[in-house]
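Residue numbering restarts at 1 for every chain, and letters A, B, ... go by the order of the sequence lines.
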Amino acid sequence: MPSLVKPARFDLKRTRPVGRAFFARDPRLVAPQLLGRVLVRKQGRKLLAGRIVELEVYLGRDDPAAHAYAGPTERNRVLFGPPGYAYVYFIYGNHYCLNVSCMREGEAGSLLFRALEPLAGIPEMLRARDLAPGSNPRLIASGPGRLAEAFGITRERENGKDLTSLKSGLWIADDGFRPAHVAITKRIGITKAAEHPLRYIIPGNPFVSGKKYQP
DNA sequence: TTATGGATTAGCT
DNA sequence: GCTAATCCATAAA
């Protein structure tokens, strides 16, 4: 049975990195515009890429669910730094999660990358996830822990990396794609401030995580 | 110093 | 649906 989903195309040469000013705003404004852009990892000839289909907003001192809630610490200092940098944390003793810092320096706010639609380097990502070749591509990067594992992202290596710079080997690219619609739901997996609508998705995209949380 | 639980996932019932 | 895996920040003592 042929796949009903058209293979997504991606041409790195036809992209531009998303600049720092884009992230120097309230993450609630950044999120709907960041959906549809592409997370890219390039190490030598190896290219990994995935379209951003799900994001969650975390705010600062007024968001009890945010790591920035209690103010700056050694762990979360990237959140209070300049915009456009990777904040990577380790959770549940098993998983890494990737955020991009927003707001100007001194103010916290970030976006958690929760799901990508794989575009390039699928065999490599399957291997990184310890999945057999030909596995369901939804298992690659639908979920924040899976996404980080597929891209080989760890706190030790990637925390603090500049996501607007090609030199970092990990950046966000714009290939011109714009989603037709954006939907907003409650955040997943939190208990504090769980009622706020701060999860942004491309509705209907099959790579969005948590089917039962879709509108 | 010790206890608790978390921005998760995979595997089993 | 339930829970183990298993680190680390924070709260409690």
Side-chain angles (χ1 to χ4, degrees), chain A residues 23 26-28 30-32 34-35 39 50 52-81 83 85-103 107-118 125-161 163 172 183-201 206-214:
Chain A
F23 299 103
D26 188 309
R28 288 169 289 197
V30 179
L34 193 59
L35 288 174
L39 184 67
I52 301 164
V53 299
E54 177 179 353
L55 294 165
E56 270 177 7
V57 166
Y58 287 88
L59 302 169
R61 309 300 290 251
D62 43 357
D63 181 1
H67 288 178
Y69 181 57
T73 65
E74 180 54 33
R75 175 213 205 188
N76 68 18
R77 66 190 161 80
V78 175
L79 295 174
F80 292 88
Y85 286 82
Y87 168 58
V88 182
Y89 64 88
F90 190 61
I91 191 71
Y92 295 119
N94 287 286
H95 307 289
Y96 293 97
C97 294
L98 172 70
N99 292 244
V100 58
S101 63
C102 297
M103 308 289 282
E107 286 184 49
S110 68
L111 295 170
L112 169 67
F113 291 85
R114 286 196 55 94
L116 304 176
E117 174 177 347
M125 293 193 283
L126 285 171
R127 208 176 316 129
R129 292 269 301 113
D130 201 22
L131 294 165
S135 299
N136 184 346
R138 259 188 53 87
L139 297 174
I140 293 176
S142 294
R146 291 168 168 180
L147 182 162
E149 189 173 47
F151 270 63
I153 289 167
T154 66
R155 181 162 75 91
E156 293 71 22
R157 275 199 309 265
E158 275 72 32
N159 189 50
K161 273 194 174 173
L163 297 181
I172 299 165
I184 309 177
T185 79
K186 290 191 256 190
R187 293 179 290 188
I188 294 179
I190 57 170
T191 54
K192 289 172 278 190
E195 70 283 4
H196 297 117
L198 291 172
R199 173 172 171 259
Y200 293 72
I201 65 175
F207 294 91
V208 171
S209 78
K211 228 170 208 159
K212 63 181 176 181
Y213 296 94
Q214 256 146 281

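For Glu74(A), the side chain to side chain donor-acceptor pair (under 3.5 Å) partners are Arg77(A), not counting sequence neighbours. Considering only residues two or more places apart in sequence or on other chains, Glu107(A) meets the salt bridge (Lys or Arg N to Asp or Glu O under 4.0 Å) condition with Arg104(A). Listed by chain and number, the residues in a side chain to side chain donor-acceptor pair (under 3.5 Å) with Asp63(A) are Arg187(A) (sequence neighbours excluded). Every residue two or more places apart in sequence or in another chain that forms a side-chain contact (heavy atoms from CB on, under 4.5 Å) with Pro27(A) is listed here: Val57(A), Leu59(A), Cys102(A), Met103(A), Leu111(A). Not counting sequence neighbours, Arg157(A) has no partner by the salt bridge (Lys or Arg N to Asp or Glu O under 4.0 Å) test. With sequence neighbours left out, Arg155(A) forms a side chain to side chain donor-acceptor pair (under 3.5 Å) with no residue at all. Taking the side chain to side chain donor-acceptor pair (under 3.5 Å) definition, one finds that Tyr58(A) meets it with Glu56(A), sequence neighbours left out. By the side-chain contact (heavy atoms from CB on, under 4.5 Å) test, Arg61(A) pairs with Pro72(A), sequence neighbours left out.
Distance Tyr58(A) OH to dG6(B) P: 12 Å, rounded to the nearest Å. To the nearest angstrom, C1' of dA7(B) lies 12 Å from CZ of Arg199(A).
To the nearest whole angstrom, the two P atoms, one in dT4(B) and one in dA4(C), are 16 Å apart. Nucleotides dG5(B) and dT3(C) have their C1' atoms positioned 15 Å apart, rounded to a whole Å.
Among residue pairs with one or both ends in residues 91-100 of chain A, those qualifying as side-chain hydrogen bond (donor to acceptor under 3.5 Å, both in side chains) are Tyr96(A)-Glu156(A), Asn99(A)-Ser110(A); sequence neighbours excluded.
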Protein heavy-atom contacts under 4.0 Å, written 5' to 3' over nucleotides 8-13 of chain B as B (base), S (sugar-phosphate only) or - (none), form the string BSS---
In 5'-to-3' order, the base (B), backbone-only (S) or no-contact (-) status of each nucleotide in nucleotides 8-13 of chain C, using a 4.0 angstrom heavy-atom cut-off, is -SS---
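Between the side chain of Arg146(A) and the backbone N or O of Ser142(A), at least one donor-acceptor pair lies under 3.5 Å.
A stem is defined here as three or more consecutive Watson-Crick or G-U pairs, each with both distances under 3.5 Å; for DNA chain C these stems are B:1-6 with C:7-12, B:8-12 with C:1-5.
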